[in-house]
Amino acid sequence: QRAVLAEHRLAYVSDAPVNWCPALGTVLANEEVTSDGRSERGNYPVFKRKLTQWMMRITAFSERLIDDLELLDWPDAIKAMQRNWIGRSTGAQVDFAALTSRGAASDHTPSEATISVFTTRPDTLFGATYMVLAPEHPLVDEIAPTSWPASTNSAWTGGAADPSSAIAAYRADAASRSEIERQAEGRTKTGVFTGAMALNPTTGSAIPVFIADYVLMGYGTGAIMAVPAHDQRDFEFARTFGLPVTKVVTPPENWPNDPANWETAWGGDGPVCGSANDSISLDGLSVDDAKAAISTWLEDRRLGHPTVTTKLRDWLFSRQRYWGEPFPIVYDTDGTPIAIPESELPVLLPDIEDYSPRTFAADDQVSMPEAPLARAEEWMQVTLDMGDGPKAYRREVNTMPQWAGSCWYELRYLDPTNDDVFVDPDVERYWMGPTPDRPSGGVDLYVGGVEHAVLHLLYARFWHKVLFDLGHVSSPEPFGRLYNQGYILAHSYTDERGVYRDALTIEERDGSYFSDGDLVTRELGKMGKSLRNAVAPDDLYESYGADTLRLYEMSMGPMDASRPWATRDVVGMYRFLQRLWRSLVDEDTGNLTVVDSEPDAGTARLLARTIDGVRSDMEGLRFNTSIAKLIELNNHLTKLAAPVSRSVAESLVLMLAPLVPHVSEELWAMLGHDESLTYVPFPEADPALLVADEVEIPVQIKGKVRARIMVAVDADSAAIEALALADPAVVALLDGAAPRKVIVVPAKMVNIVL
RNA sequence: GCGGGAGUGGCGGAAUUGGCAGACGCGCAGGAUUCAGGUUCCUGUGUCCGAAAGGACGUGGGGGUUCAAGUCCCCCCUCCCGCACCA
């Protein structure tokens with residue numbers, strides 16, 4: 001019963017191949033391994049090892065994890081990365097009968113085996129001329145005969161005397177090559193014949209079954225039907241091994257009629273051809289129609305059915321670390337995992353002498369993971385009463401990955417002192433509940449880096465959906481709006497030997513860069529100690545103060561863009577803060593110069609426009625343009641002969657507070673306030689001041705600005721046209737000629753067409 | 001190959017819906033203040049022609065739509081990021 005349940009449990013023990021990183025001394029999730037087979041953290045080699053580890057059944061949520069992206073206000077790039085990672089593709093599973101006896105030596109017996117394949121192109125079933133299994137596919141040993149069938153192509157055997165030695169040699173060879181080596185081989189197709197044949201259910205012909213590493217055990221069923229005419233990989237394999245290429249979809253007219261003369265496979269649409277037998281004909285149908293027709297045919301004969309496959313794999317959830325949440329799991333004397341009853345929770349980490357992970361040489365493939373908690377012998381052994389009397393159990397010694405905590409911290413933050421539940425349902429609904437304009441619910445704004453796209457952000461969504469299904473949260477998604485801030489980049493400099501030179505030593509001459517006289521090459525990338533281009537915040541605090549640094553970083557450009565650091569530019573924001581101070585404070589006496597009288601009309605209007613603009617820029621996280629508007633306002637104030645009005649000064653300080661909190665608080669106190677400005681609302685723009693009575697608009701002749709006129713904001717087109725045509729500069733340029741057409745955009749501009 | 005994003009002065013970057021390209025800052029130039037210094041102040045600063053007035057050109061390249069294009073459409077180039085033998 002436990003075994004059956006384990007097939008469906010959210011958390012389960014698996015002994016499938018996992019990612020083992022000897023240098024880190026722990027196993028890793030697929031998401032933590034880079035495409036070249038190294039650890040995301042530390043960039044160490046990672047090896048596939050068959051180990052018993054805890055898994056989370058995230059694949060059960062694949063569909064919803066893709067579909068619910070629609071609900072989210074997230075950057076397209078992140079959504080695309082998640083879709084791509086989950087990798088849903090719809091197609092069909094098709095069953096092929098294995099025929100080990102066909103054409104084989106007389107000591108072979110017919111196989112009962114069925115080879116199931118996943119295909120997105122069931123319409124091309126008639127063109128399947130061979131099959132390929134992943135090298136580690138469990139059926140391989142079952143279907144392979146003991147000797148080569150008569151007249152086996154010598155190119156298919158890998159030079160081996162019999163199928164089992166060919167298979168063994170191919171597997172050994174595949175295992176010895178790293179991901180990087182395989183990629184470096186330029187994807188030349190390799191493989192060997194298994195000696196077995198299979199029956200193409202549509203044509204009734206026997207087709208050879210190969211193993212090849214271009215078919216992955218981890219995707220689909222780990223087996224494919226190969227249609228070389230219409231799949232590029234199969235095409236290349238067929239060319240290498242001299243396999244037949246049968247056309248079943250008509251390519252465009254400029255393609256050679258005979259597939260033997262094709263340069264590539266034809267993967268596009270076209271009328272299906274050569275696809276008929278006694279009970280079905282697909283000929284003449286489009287690809288889509290043929291898919292539908294063959295699916296029905298397969299289902300009627302119980303040979304296949306439509307299905308969906310994803311690239312996403314279950315989440316490897318155990319780590320060999322001390323610092324992680326211990327599993328609430330014990331094993332009985334039979335080694336069966338049992339959940340600890342709630343009354344015994346939480347399981348706390350034991351105090352141990354040595355917390356450090358057991359690590360190995362980076363390339364030590366045969367090393368075995370060792371959990372630090374396994375050193376806590378006393379803690380491991382525990383006596384519990386599971387309802388059948390006290391018994392001895394052994395604790396699980398693996399711990400959860402760092403992601404476990406980040407999957408729900410945002411929920412705990414809502415109600416951090418609650419001792420009864422992790423979050424009160426009412427509290428959760430208040431902060432995170434779905435609303436008509438945000439059906440996903442979740443955190444209002446989550447600012448974070450792209451590096452979490454298919455790690456934290458995927459895991460947390462999965463975890464949240466589990467809690468949602470269990471009724472613990474009302475929101476289907478944890479983070480309603482996501483904003484990716486860019487990186488602060490910096491130039492790094494390498495000399496001829498490729499050694500990084502300290503960025504502080506660099507001099508520029510005639511567009512080239514030199515370090516102590518040596519020519520160096522400049523690159524733009526992240527800051528880092530090893531790149532010798534990091535900027536120490538302490539130095540900037542020392543020279544300019546924390547407010548200046550903060551203001552500079554916000555002013556550099558849009559928040560979501562990566563931007564190059566330029567120490568030289570920091571001074572601009574420092575100067576601004578000095579000018580700001582002097583607009584409100586007498587430098588010599590230190591006394592406030594602000595007056596209580598109302599500002600002049602121009603200043604009042606500029607203030608209103610600034611408040612309005614800064615407010616919307618802040619809402620859109622456009623801090624760079626907020627700052628520009630605040631500088632403009634201050635520049636205006638410094639040009640005034642008169643002292644600054646209190647109403648203007650206070651609004652300015654309040655608007656600056658989120659950007660330069662220290663200077664703002666200081667000025668706020670000097671303006672006579674006892675309480676922090678944190679509790680004062682953001683200024684409101686006077687709507688009456690946002691609309692001017694008159695505006696200056698350009699007058700264009702043939703699209704070029706030739707004059708400017710003042711017009712009332714509510715002036716109609718005719719009045720504006722008359723004003724424009726009466727302008728002396730326009731009269732002179734027209735020189736008596738009658739305009740062919742005059743376009744007037746009220747309160748915006750005039751364009752005269754000659 | 002697939003997916004995402006970006007190309008605007010010497011530099012970082014502005015420019016809601018097509019409507020004055022270059023806001024704001026750096027740098028640079030000239031000037032001011034100062035015994036001096038600059039982490040001070042003021043003025044100027046897209047490019048080219050011109051003493052000036054003014055004119056021409058100008059948002060990666062090429063076409064197009066429009067009275068009007070950085071913005072819309074078509075083709076192309078370059079760069080960055082993610083995934084990559086996913087059947």
Side-chain angles (χ1 to χ4, degrees), chain A residues 34-36 75-85 87-89 91 117-121 124 132 182-183 185 187-189 212-216 218-227 230-234 236-237 309-312 450-451 453-454 487 489 511 524-525 543-545 548 551-552 555-558 560-579 582 587 613 616 620 622 624-632 635 638-639 696-706 708 739-745 748-754:
Chain A
T34 61
S35 57
D36 54 352
D76 288 339
I78 302 289
K79 289 190 185 183
M81 282 159 78
Q82 291 211 347
R83 274 194 204 98
N84 189 19
W85 186 259
R88 171 166 60 187
S89 71
V117 304
F118 172 73
T119 178
T120 54
R121 296 294 304 276
T124 61
V132 185
R182 275 181 55 178
Q183 282 171 21
E185 283 159 11
R187 298 181 186 175
T188 307
K189 296 289 176 288
D213 64 3
Y214 83 92
V215 173
L216 312 171
Y219 186 75
T221 61
I224 62 157
M225 64 177 211
V227 183
H230 305 293
D231 180 280
Q232 185 58 27
R233 293 152 308 187
D234 298 344
E236 288 165 19
F237 190 88
T309 289
T310 60
K311 284 195 263 182
L312 183 69
V450 280
E451 66 275 15
V454 288
Y487 293 109
L489 305 177
L524 191 61
S543 314
Y544 300 114
T548 298
L551 191 61
Y552 169 65
S555 72
M556 289 167 79
D560 58 354
S562 290
R563 321 180 281 291
W565 176 268
T567 303
R568 193 175 72 175
D569 294 358
V570 177
V571 67
M573 293 303 117
Y574 184 65
R575 287 176 191 154
F576 162 57
L577 292 179
Q578 289 182 317
R579 284 200 304 276
R582 281 195 301 268
E587 263 198 304
S616 61
R622 294 182 298 271
N624 54 331
T625 50
S626 296
I627 293 166
K629 290 180 173 80
L630 290 164
I631 293 174
E632 276 182 274
N635 286 351
T638 51
K639 286 189 183 74
E696 188 189 66
I697 64 168
V699 179
Q700 300 179 340
I701 295 176
K702 290 196 290 184
K704 292 193 195 310
V705 179
R706 299 298 186 181
R708 291 169 184 286
R740 197 145 57 87
K741 196 175 179 185
V742 179
I743 284 114
V744 178
V745 184
K748 280 279 188 185
M749 48 81 65
V750 178
N751 193 8
I752 297 168
V753 189
L754 288 174

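Because the structure is predicted, anything quoted here is derived from the model rather than measured. In what follows, every chain begins at residue 1, and chains take the letters A, B, ... in the order their sequences are listed.
Between the CG atom of A:Asn624 and the NZ atom of A:Lys629 there is a distance of 9.0 Å, given to the nearest 0.5 Å. Remark: A:Lys311 NZ to A:Arg88 CZ distance equals 13.0 Å, nearest 0.5 Å.
A:Phe237 does not carry A:Lys189 over the face of its six-membered ring by the limits of under 6.0 Å from the centre and within 45° of the normal.
Distance from the side chain of A:Glu632 is smallest to B:rC24 among B:rC24, B:rC83, B:rC67. Closest contact between the side chain of A:Val705 and the listed nucleotides B:rG5, B:rC85, B:rC20 involves B:rC20. Across B:rU40, B:rG3, B:rA87, the shortest atom-to-atom separation from the side chain of A:Ala80 is found for B:rG3.
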Contact list (N/O, under 3.5 angstrom) for nucleotides 53-57 of chain B vs protein:
from: B:rG55; atom 1: OP1; to: A:Arg706; atom 2: NH1; distance (Å): 3.1

Pairs under 3.5 angstrom, nitrogen or oxygen only, protein versus nucleotides 12-19 of chain B, please.
from: B:rG12; atom 1: O2'; to: A:Met556; atom 2: O; distance (Å): 3.0
from: B:rA14; atom 1: OP1; to: A:Asn624; atom 2: ND2; distance (Å): 3.2

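Between A:Arg568 and A:Lys741, the residue whose closest nucleotide on RNA chain B is further toward the 5' end is A:Arg568. Take the nearest nucleotide of RNA chain B for A:Asn635 and for A:Thr638: the residue whose nucleotide is more 5' is A:Asn635.
In this structure, CZ of A:Phe576 is placed 16 Å from C1' of B:rC26, rounded to the nearest angstrom. Between the NZ atom of A:Lys79 and the C1' atom of B:rC2 there is a distance of 20 Å, rounded to whole Å.
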Inset, instruction - Encode nucleotides 30-39 of chain B as B, S and - characters from 5' to 3', where the letter depends on protein heavy atoms closer than 4.0 Å: B to the base, S only to sugar-phosphate, - to neither. - result: ---------B
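Only the C1' atoms considered, B:rC20 is 27 Å distant from B:rA29, to the nearest whole Å. Comparing B:rC35 with B:rC26, their C1' atoms are spaced 31 Å from each other, to the whole Å. Comparing the same atom, C1', in B:rC2 and in B:rA84 gives a spacing of 8 Å after rounding to whole Å. Taking atom C1' in both B:rG1 and B:rU16, the straight-line distance is 37 Å, to the nearest Å.
Here A:Ala77 lies in heavy-atom contact (under 4.0 Å) with sugar-phosphate atoms only. Residue contacts shown for A:Arg582 are limited to sugar-phosphate atoms, with no base heavy atom under 4.0 Å away.
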Legend entry - Stepwise side chain to side chain donor-acceptor pair (under 3.5 Å) test for A:Ser89 and A:Tyr219: CA-CA 11 Å; A:Ser89 71; A:Tyr219 186 75; 2.9 Å; yes
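Remark: the backbone N or O of A:Val227 is paired with a side-chain donor or acceptor of A:Asp234 at under 3.5 angstrom. Between the A:Arg706 side chain and the A:Pro698 main chain, no donor and acceptor come within less than 3.5 Å of each other.
The phosphate of B:rG82 has neither OP1 nor OP2 within less than 4.0 Å of any side-chain N or O from A:Arg83.
Look at B:rG9: its glycosidic torsion is within 90° of 0, and that puts it in the syn range.
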